[in-house]
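The block underneath contains the structure these notes are about, expressed in structure tokens.
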Amino acid sequence: MLDNDSCQTESKSAQELVLKQRTQILHALCSSGSAESLERVLDILLARGTLIWEDYQNVQVWGRSLHTNARQLLDLLCTKGEDACGLLLAALKQVLSEVQQACLSFEGCCSYLEETEEFPSTDTRALLTKRTELVSKLRECIDGALAALVESGSFSSADCDSVQLPVYTPSQKARRLLDHVKSKGESAAKVILQYIEQKQVCGSLLNQETWNPPKELLKYQKKLSSSVSAQSCFLSTYGGTGHMPLDDIYTESHLQLGHDCAEVHTTLSLEDIVGVVGTVNKEADTVLVSGEAGSGKSTLLQRMHLLWARGAALQDFLLLFPLSCRRLNSEHRELTVQELLFQHCCWPDRDQDLIFQFILDHPHLILFTFDGLDELQQSFSDEHRVCCPTQPTPVPILLFNLLQGYLMKGVQKVVTSRPEAVGPALKRHLRKEVLLKGFSPSSINSFVRKHHREPTVAAQVLESLQSNTALLGLCHSPVLCWIVSQCHKELLGCGGGSPQTITDVYLMILEHFFQHQNPLKISVGLCWLHEHLSTVLHLGQLAFEGTQMSCYVFSGSELETCGITERDICTGFLIISKDISSTCSRCYEFLHVTMQCFFAALYIVLNDNIDRSTISKFFQLQDVRETNKSSTCCKFCLPFPAQHQQLFHVEVASAETPNMQITATFVSGLLSQRQRSLWLRNCSSSTIDRKVGQVVRCLSKGMQTHFKSIPKPVEGEGKSMHAMPDFVWLIKCIYEMQEDSIAKDAMTKLEVDHLKLTYCNIGPVECTALAYVLQHLTNPIGLQLDYNYVGDVGVEQLLPCLHICKSLYLRHNNISDDGIRKLVAKGIQCENFQKIALFNNKLTDACTQHFSNLLKTKQNFLAIRLGNNNITAEGAKQLAEGLKFNQSLKYLGLWGNKIGDAGAEALASALEGSKTLIWLSLVGNGVGNAGACALSNIIKNSTLEELWLTENCINRTGVEHLIRALEQNPRVKSVCVKLA
Ligand code: ADP
């Protein structure tokens, strides 16, 4: 850091670095909840002799909290001095993932691990010096190592038991084994070292054994894969309209890691889900695929199952067991793991025990998938621990222990869920989280072309989507893309009134299915609903009752209770529930959970006798619902069998809130003024008026609750609101109502300067709703949408509210140059719009001409931040063109691009003499001495106060130029540069 007080480069000692970064180090070691990182660091420190055995025992106290152990280590190392701290930093650099390292500085500490290898004097000493290597080898063969120790008389069975505690991960077992061996002395150490050596020699033989499974197993594998293949080859949403092979319609959707990862910039492949990429916790076995309802989670698993069964992917796994949480809800027996797998996936005709033993012995060859954790009636909890696979256990508990790895450690598990249902208790046990973000614009294109083999029809559908970007935005959700494609006739025939809201789309499919059922009899106008009213009410009742009990699979008698006839079933909204194992009678489910919510909403709107409190219950905010859970549950009058009700009373389902919210969104849409003509013939207008009034009051109250939570502003700063989880949902409900007065009313009460919606799962659909509502704000705000999934379509959807945005933060949002073209074209016309942040998107030089234009035409623009994109010297030259004519810009950020010397020179020549610029960042841009020399002219002659130039290739010559310039302009506060 160069500054006007001390023109010198700073560097810190390792001890200072450890002290200064204590909080960050503790966070990096402990935040995942897994002890593995700390234990690996201890391994290294023991091996290097930084810790002696007694130190290790003082730090690593079993049963004490991870944080306390980690703090103890830091305290100890700080007392041991500079070398010990240097080794700690070097060990952290080796052990922590890139993400965990991101907020730590290691300044030259890696050299501490570069010493030559020590030749240990004794075998017990070797256990310490080779500890890291021994742990990684032993974790694969604990059983064999223990057997060798017992055989040699070094270990008793009690010693083995204390190593083999089921709560330990394989690495922890290996460490406990080494610790025990050390306490037994030299001869035990010799046994274990010899065992590992031998194991390495015959490693290839062992591998061969692994790949030659017994004949009985291969037979079972064949049966399992043909059953999995049969279950996964057709897509169920097409059940009502003819079978659609998954191969013909499956379209890649956007999969990304749940955390930032330097290695991965593109979308993940299917194999990456189980692969090592993006692993945050190596000791965990479970990968979570999370996504909203309809984002394609079940279809993704179905694709994985099919490809595995066909031998086309995931061939490292010999057996794959697909389990559906939705279907497991109806399993009320206590089961062992063996019963769960064999009864719910595939029954082995013979040798059940042998096959299960193979599974136990070869966990790394087995994959379990669990679809829809959010649909399990019991919320995830880690209260009951089960470690024994032969112990009969209630199925939800079995499931939770499998996911946490207490049961069947080493078996890989993939679980899908909506994000709301996954709390910290489960997150702690995840290997990684993968987010399913639905279709990209090109996937929408290819899905429509697959759905409509007739190219002219596909082209027409795509054309109509392009002309209705709100609808295009909806199609990012695969389930909506399916409906839109399915209803192409209705879509192409509806001219100006094409669908805008999710409710419009579901009404379209409702009409489509009814027409499809009786194609010869075309109902005109609004009669179709009247004609099918009894079907809608019957299905509606089933959906309504089910939604409140997290029940998605219905028996024949449950259908009967709701008056559902064969004719109602034939409409196609219900499909027969697939259950690989099912021997019992036929069960049904709605085509998709969102369809069930839609029918529940129809029931709420159409049923004149519905309980008056129903609407407010469905619109309750999440935290209110949490506190009211038990009372809410017991009050409903349910016609379903005791089994369902009983479970419902015991534990409230995790799925309840999201499904009730989806239903409430539909209720808002159905009660909108635009749909009024549909209901008037079917229910009394006074009842409809009452329900509309109730919804409007609920939305207004919900918004008020949010506004009340806004903290008082810090003195001198604007009022800022960080949206709570329900805020976006309320905005979507208001959008569904499509009534300006409601949006206006909500926004006039919102008095903030800054609205923060980071990490709120905002995609194009949410952008449409946000813009619709926010455009009614009375005062301009800063709108912060960082870390969402806005994309180019979302950017376009935001334009209607751009005039009310002072600043727009869209960091990390998958936006490309095309989105920027549209944004800037509109932004130029918006007087209030003054700042934009686009860090980490997909921008290239093609966007810079737009910014150049903006700089030339908009003389009140203050800040452009384009860090971590793909802008080169050419882009910088374009920006410079605009900067020459600009007299307002104060902040320019280009961190992490590639502008090089040529780009820096162009910017410097445009900014020399600037009377407004105060902050410029060109960190990590490949700028060398020539660039530094040019930039020194801005230092000499401009209003610049801060210049950031670290992570470039500037050496002494460049720095000297900067220092000389700095001496000439006392106004400059700091220039940050580090010698290359
Ligand atoms: P989720 O499990 O997330 O609720 P689904 O997998 O059930 O979503 O998807 C709903 C519907 O969307 C599917 O039945 C199918 O019609 C369509 N769909 C989802 N993903 C895809 C995909 N990758 N390719 C083609 N269609 C898809």
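Every number for a ligand or one of its atoms is a count from 1 in the order of the listing. Quantities reported herein were computed from a predicted structural model and do not represent experimental measurements.
- Protein heavy atom closest to atom 24 (N) of ligand 1, with residue, atom name and distance, is T251 N, 3.0 Å.
- With a 4.0 Å cut-off on non-hydrogen atoms, L235 touches ligand 1 through its side chain and not its backbone.
- Considering only non-hydrogen protein atoms, atom 16 (O) of ligand 1 sits nearest to T237 OG1, 2.7 Å.
- The NZ atom of K297 lies 10.0 Å from the CG atom of L288; values are rounded to the nearest 0.5 Å.
- Put simply, part of I249 is less than 4.0 Å from ligand 1, judged by heavy atoms.
- Within the structure, the salt bridge (Lys or Arg N to Asp or Glu O under 4.0 Å) test picks out the following pairs touching residues 244-259 (sequence neighbours left out): D247-R303, D247-R310.
- Taking the six-membered ring for Trp and the full ring otherwise, F599 and F573 have centroids separated by under 6.0 Å.
- Checked against a 3.5 angstrom limit, the closest N/O atoms of E252 and ligand 1 fall outside it.
- The distance between the ring centers of H812 and Y787 falls below 6.0 angstrom.
- The shortest N or O to N or O distance between F447 and ligand 1 is not under 3.5 Å.
- Note: Y552 and F590 fail the aromatic proximity criterion, with ring centroids not under 6.0 Å apart.
- The ligand atoms of ligand 1 that sit less than 4.0 angstrom from a heavy atom of W482 are 16 (O).
- Heavy atoms of S295 found under 4.0 angstrom from ligand 1 belong to the backbone as well as the side chain.
- Ring pair F554/Y588: centre-to-centre distance not below 6.0 Å.
- If you look at Y250 next to ligand 1, the close heavy atoms, those under 4.0 Å, come from the backbone and the side chain alike.
- Between F370 and F368, the angle of the ring planes goes over 60°, which puts this pair in the perpendicular group of the 30/60° scheme.
- Nearest protein heavy-atom neighbour of atom 18 (N) of ligand 1: P478 CB, 3.6 Å.
- Q596 pairs by the side chain to side chain donor-acceptor pair (under 3.5 Å) definition with nothing, not counting sequence neighbours.
- Of the N or O atoms in S298, one or more lie within a sub-3.5 Å distance of an N or O in ligand 1.
- For atom 8 (O) of ligand 1, the closest non-hydrogen atom on the protein side is G296 N, 3.1 Å.
- Checked against a 3.5 angstrom limit, the closest N/O atoms of H592 and ligand 1 fall inside it.
- Between H344 and F321, the distance from one ring center to the other does not fall under 6.0 angstrom.
- To the nearest 0.5 Å, the span separating CE on M408 from CG on L402 amounts to 7.0 Å.
- Closest to atom 5 (P) of ligand 1, if we only count protein heavy atoms, is T299 OG1, 3.5 Å.
- Ligand 1 has A293 within reach: a non-hydrogen atom of the residue lies less than 4.0 Å from it.
- Heavy-atom proximity to E292, at under 4.0 Å, picks out these atoms of ligand 1: 3 (O).
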